[in-house]
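Every value quoted in this text rests on a predicted model; they were computed, and no experiment measured them.
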Amino acid sequence: MPTKDYVKWFRNSAPYINAHRGKTFVLMFSGDAVAHPNFANIIHDIALLNSLGVKLILAHGARPQIEERVALRGISSRIENDIRITDGPTLECVKDAAGSVRAQIEALLTMGLANSPMHGAQIRVCSGNFVVAKPIGIRNGVDYEHTGMVRRVDTQGIAKQLDDGSIVLLSPTGYSPTGEVFNLSLEDVATQSAIAMQADKLIVFSAQDGLLDTSGDLIQNCSVSEIKYLLDHSDDPETASLLRAIATSGENGISRCHCVSYSDDGALLQELFTRDGAGTLISQDHYEQLRTATIEDVGGILELIEPLEAEGSLVKRSRELLENEINLFTVIERDGMIVACAGLYPYEESASGEIACVATHPDYRGEDRGERLLAALEMQAREKQLASVFVLTTQTAHWFQELGFVEITQQQLPEKKKQLYNLQRNSKVFSKNI
């Protein structure tokens with residue numbers, strides 16, 4: 001680049017430098033991105049962002065690295081619905097691969113060779129048990145064992161490291177309060193950390209220049225609704241993962257998401273510091289409210305719970321039954337769409353109430369929507385002068401325990417509920433005094 005062009009570019013980047021200083025960015029890159037020859041250049045650009053005062057959270061994947069170790073040990077990979085079933089031997093491969101990739105990134109960020117972009121950077125990188133996880137559990141009869149999902153992000157711990165000037169590095173693993181290790185998806189870690197930290201941007205790295213339309217052309221700007229359209233028409237698992245991450249983040253308070261190439265040198269800087277960018281910018285505002293359900297919400301609730309009924313997470317409810325019980329339901333509505341629901345069924349003779357049909361749309365999980373619903377139902381229970389609430393669950397035991405519920409026996413249920421107990425589902429029962 002001629003000197004005058006460089007000076008002009010540098011001056012034109014000043015507004016973006018000022019705009020990004022002090023902001024929190026979450027960068028999501030797959031194991032394929034880490035293995036690409038251009039990844040060292042991405043590290044140099046990350047170091048530059050750090051020196052310009054951007055607070056950075058890096059979420060990395062390790063799928064190809066895990067596959068390599070699984071193959072070397074002669075272990076059969078088991079994938080269901082693009083989710084790895086993580087048994088004991090596979091978990092060892094996951095820990096080995098994630099640890100190796102983490103060490104590689106930390107080493108690259110520590111480089112300080114003279115005559116290199118990293119000279120004098122002196123970057124501190126912090127990794128740790130910032131992600132609390134829970135097991136996916138059993139779905140359609142398939143036990144995913146040590147495969148989990150994000151339950152909670154240690155926002156205070158991450159914020160402290162960011163305020164101290166460190167880069168926070170998150171691996172695709174999480175830990176439970178009982179000391180278990182879970183294999184997590186990169187998409188889940190990146191989106192939930194971005195949402196929990198109320199990040200200013202989520203930046204995802206793709207093998208392409210950015211997001212492509214159905215004709216294969218680069219999309220420079222789009223909305224979350226357009227992302228949903230692309231997701232419906234995507235048959236590539238990696239692209240679908242990026243689209244889900246963007247949609248989930250965009251609909252949960254992340255005002256700007258970017259998709260850039262991990263193979264094009266300088267794409268990240270060009271996207272962030274030039275007017276036209278290099279990839280795809282996604283943005284949209286949303287509105288949400290928690291309220292008592294009405295008869296008009298029956299269709300939306302059915303649409304929300306039917307997939308969960310199909311996989312066995314919820315007991316099937318007919319439209320007629322739901323219409324008769326609609327006054328027992330509370331919903332969260334977002335831009336005219338029911339994104340979460342739950343019902344409170346009182347058993348006044350035993351001064352208790354059943355919390356049932358707790359459901360959140362998969363594209364809108366995060367920001368404690370389930371917790372908000374439960375808090376609202378507990379308040380309703382107190383208003384009805386109930387002393388406790390209980391829940392029957394097959395897959396979300398960890399979550400209810402985290403919210404103060406304790407396991408009880410089937411025999412401790414109210415008499416009417418005991419008579420309706422489905423032995424075939426074999427649900428666990430949890431109770432909470434309110």
Side-chain angles (χ1 to χ4, degrees), residues 132 134-139 149 151-152 176-178 290-293 297-298 301-302 304-318 321-332 338-361 365 368-434:
V132 178
K134 61 182 178 181
I136 284 181
I138 301 172
R139 296 182 178 180
M149 55 198 303
R151 180 192 299 177
R152 186 176 68 251
S176 75
T178 56
L290 184 149
R291 59 173 175 78
T292 301
D297 298 320
V298 170
I301 294 174
L302 284 172
L304 179 65
I305 65 177
E306 280 172 354
L308 298 174
E309 292 173 345
E311 71 178 30
S313 299
L314 295 178
V315 177
K316 187 169 180 60
R317 285 173 170 79
S318 66
L321 178 62
L322 189 57
E323 288 177 351
N324 291 332
E325 298 177 342
I326 194 65
N327 62 311
L328 303 176
F329 277 75
T330 298
V331 299
I332 294 179
I338 303 301
V339 298
C341 71
L344 175 67
Y345 292 75
Y347 289 81
E348 295 175 351
E349 72 279 2
S350 60
S352 64
E354 179 186 9
I355 291 177
C357 199
V358 181
T360 304
H361 192 285
R365 287 172 185 157
D368 301 326
R369 287 183 177 83
E371 286 84 345
R372 288 169 55 200
L373 277 172
L374 255 63
L377 295 183
E378 288 174 15
M379 183 177 295
Q380 292 176 25
R382 283 192 290 269
E383 290 173 354
K384 296 179 182 295
Q385 298 184 332
L386 303 180
S388 65
V389 290
F390 65 91
V391 62
L392 278 66
T393 179
T394 57
Q395 297 182 14
T396 54
H398 280 68
W399 183 66
F400 283 104
Q401 286 177 303
E402 187 76 5
L403 295 175
F405 283 75
V406 296
E407 188 168 3
I408 62 174
T409 67
Q410 172 194 341
Q411 298 303 317
Q412 293 174 275
L413 287 170
E415 194 60 37
K416 289 183 179 179
K417 185 63 183 179
K418 199 186 305 180
Q419 295 172 7
L420 297 172
Y421 184 86
N422 188 333
L423 292 172
Q424 188 174 0
R425 281 180 61 81
N426 194 28
S427 302
K428 290 186 176 181
V429 186
F430 293 87
S431 177
K432 180 179 181 181
N433 294 326
I434 55 174

Measuring from atom [atom1] of [X] to atom [atom2] of [Y], what distance do you get when rounded to the nearest 0.5 angstrom?
X      : Y      : atom1 : atom2 : result
Arg369 : Leu374 : CZ    : CG    : 15.0 Å
Leu314 : Gln395 : CG    : CD    : 9.0 Å
Ser313 : Ile138 : OG    : CD1   : 11.0 Å
Leu392 : Lys428 : CG    : NZ    : 12.5 Å
Glu311 : Thr394 : CD    : OG1   : 8.5 Å
Thr360 : Ile332 : OG1   : CD1   : 6.5 Å

Considering residues at least two apart in sequence or located in another chain, which fulfil the ring-ring contact (aromatic ring centres under 6.0 Å, His included) criterion with Phe400? Phe405
Can you name the nearest heavy-atom pair linking [X] to [Y], along with the distance?
X      : Y      : result
Asp297 : Arg291 : OD2-NH1, 2.7 Å
Ile305 : Ala359 : CG2-CB, 4.0 Å
Leu403 : Glu371 : CD2-CG, 3.6 Å
Ala376 : Leu290 : CB-CD2, 4.0 Å
Lys432 : Glu378 : NZ-OE2, 3.1 Å
His361 : Leu304 : N-CD1, 3.3 Å

Is it the case that the side chain of Gln410 and the backbone of Val429 share a donor-acceptor pair, with hydrogens and angles ignored and the cut-off at 3.5 Å? no
Give a yes or no on whether the backbone of Gln411 and the side-chain of Tyr421 come within a donor-acceptor separation of less than 3.5 Å.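 No.
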Can you establish whether the number of heavy atoms outside [X] located under 6.0 Å from its atom [atom1] is more than 12?
X      : atom1 : answer
Lys418 : NZ    : yes
Glu348 : CD    : no
Gln385 : CD    : no
Lys417 : NZ    : yes

Under 4.5 Å between any side-chain heavy atoms of [X] and [Y], yes or no?
X      : Y      : result
Thr396 : Val391 : no
Gln412 : Ser431 : no
Gln401 : Thr178 : no
Leu377 : Val389 : no
Pro177 : Glu402 : yes

Side-chain atoms of residues 321-331: list all donor-acceptor pairs with protein atoms under 3.5 Å, sequence neighbours left out, distances to 0.1 Å.
unit_1, atom_1, unit_2, atom_2, d
Asn324, ND2, Glu320, O, 3.3
Glu325, OE1, Tyr345, OH, 2.5
Thr330, OG1, Gln380, NE2, 2.9

